[in-house]
Protein chains: 2
Amino acid sequence: MTELTIDQAAERMGISKHTLRYYEREGLLPEIAKGANGHRRYTEEDLGWVKFLQLLRGTGMPIREMKHFVSLTWAGDHTIAERVEVLERYRVALAARMEADREHMQFLNHKIDYYSGVLELENATPDAVAGERAEARL
Amino acid sequence: MTELTIDQAAERMGISKHTLRYYEREGLLPEIAKGANGHRRYTEEDLGWVKFLQLLRGTGMPIREMKHFVSLTWAGDHTIAERVEVLERYRVALAARMEADREHMQFLNHKIDYYSGVLELENATPDAVAGERAEARL
DNA sequence: CCTTGACTTAGAGTGCACTCGAAGAGTTAC
DNA sequence: GTAACTCTTCGAGTGCACTCTAAGTCAAGG
């Protein structure tokens, strides 16, 4: 019924047709059913799986490990313990990235604040600019 | 005095010698002074600059734009307004990434919680496992 | 009937950021 | 003095995740 063409699926998931086929080729997606014309028909379930892959990808997991994880998922419930181990590892790594990002955001904020200060000073007193040389070090 | 060899600099900054030379070649670092033997000698100021590059890089700025930004920095104070524009763009992008990461962390947490629940259930009642099939959809 | 356009495949190409290799020179250890 | 080591440069190679091309098929429109 509500099966989508590759174009529509790509549009809706915010991903390119190329990437959809690439994921399928790589075994990250199940083989997508084909219509009478041989064109792919994406079901809602397929799209849900794509979303799952996007989230997994977003955790920083590389394609190689996604293949592994996906195969675990398809292998059945006896792989759940291993799946947890994998996810834990990426949770730790993601937490580290988030922490680093906070530092980088601070860096940007400080830099922008400092520069904005210099600009305001220039506007306020267009004469006294020459003395401003001290780059904020961090 | 406290000038470091490329090995020491790499060690201290947590970066490879290759990358240090690469950054210099690309014009991201000023030309590093060489000792009598032709070997690079890194000053504290050089290392500060490396740190600056690492922070910039951490904001998600690609090498190409870093080159631009660095050239603005070296060009003098009249480029400050443009520097602010650039940094603002990366602040917006970084904020978006941080928001996305929060979503990805939630995803991991939910998955891990769900799986852990299944595991506990298995341990508690090793018999009633067969009925457990409903994958958490998100 | 013929063109247009979207799909199919396998495989090649791209962009990024390193990362490494080869060739050569200078210092240090025995 | 010669072997081992580390540095130098330049250019090539790597790994990742796409991204695109070429050649072919099929359906609809004019």
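Side chains are part of it too, since the values below use all heavy atoms of this structure and drop only hydrogens, waters and symmetry mates. Here is how names work: the chains are called A, B, and so on, in the same order as the sequence lines, proteins then strands, and each is numbered from 1.
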message: Would a single hydrophobic cluster contain both A:L119 and B:F69, if residues Ile, Leu, Val, Met, Phe, Trp and Tyr are joined by side-chain heavy-atom contacts under 4.5 Å?
response: yes

field: Which residue lies more 5' along DNA chain D, comparing B:Q8 with A:I63 via nearest heavy atoms
entry: B:Q8

- request: In whole angstrom, give the distance that lies between atom CG of B:L20 and atom P of D:dT8.
  value: 10 Å

- prompt: How long is the line joining CG of A:D7 and C1' of C:dG5, in whole Å?
  reply: 11 Å

statement: note: B:M61, atom CE; C:dC16, atom P; distance rounded to Å ~ 15 Å

query: Under 4.0 angstrom, heavy atoms only, what part of the nucleic acid is A:R57 near: base, sugar-phosphate, or nothing?
result: sugar-phosphate

- request: Could you tell me whether A:H18 contacts a base, only the sugar-phosphate backbone, or nothing, with contacts defined as non-hydrogen atoms closer than 4.0 Å?
  value: base

Distance test, side-chain N/O of A:K34 to OP1/OP2 of C:dT9, below 4.0 Å: yes

Euclidean distance, atom CZ of residue A:R25 to atom C1' of C:dC7 [Å, nearest integer]: 15 Å

- prompt: Roughly how many Å is it from OH in B:Y22 to C1' in D:dG13, rounded to a whole number?
  reply: 14 Å

Any A:R64 side-chain N or O less than 4.0 Å from OP1/OP2 of D:dC16: yes

- request: Please report, rounded to the nearest Å, how far the C1' atom of D:dA17 is from the CD atom of A:E65.
  value: 16 Å

- prompt: Do the side-chain N or O atoms of B:R21 get closer than 4.0 angstrom to the phosphate oxygens (OP1, OP2) of D:dT9?
  reply: no

- prompt: To the side chain of A:I6, which of D:dT19, C:dC7, C:dA17 is closest?
  reply: C:dC7

- request: Could you check how far CD of A:E24 sits from C1' of D:dA17, rounded to whole Å?
  value: 17 Å

message: In this structure, how many angstroms lie between the C1' atom of C:dC18 and the CD1 atom of B:I15, rounded?
response: 10 Å

task: Let me know which of B:L56, B:V70, B:V50 forms a side chain to side chain contact (heavy atoms under 4.5 Å, CB included) with B:L28.
output: B:V70

query: Between A:D7 and A:K17, is a side chain to side chain contact (heavy atoms under 4.5 Å, CB included) present by the stated rule, with each step listed?
result: CA-CA 6 Å; A:D7 241 21; A:K17 294 181 289 183; 2.8 Å; yes

- request: Report yes if a side-chain nitrogen or oxygen of A:Y23 is closer than 4.0 Å to either non-bridging phosphate oxygen (OP1 or OP2) of D:dC18; otherwise report no.
  value: yes

message: Please tell me if B:R40 has a side-chain N or O lying less than 4.0 Å from either OP1 or OP2 of D:dT8.
response: yes

query: Has B:Q8 got more than 12 heavy atoms of other residues, nucleotides or ligands less than 6.0 Å from its CD?
result: yes

- request: Counting heavy atoms from C-beta on, name the nucleotide in C:dT8, C:dG26, D:dC7 closest to the side chain of B:N37.
  value: C:dG26

message: Can you confirm whether more than 12 heavy atoms, excluding those of B:E88, are under 6.0 Å from its CD atom?
response: yes

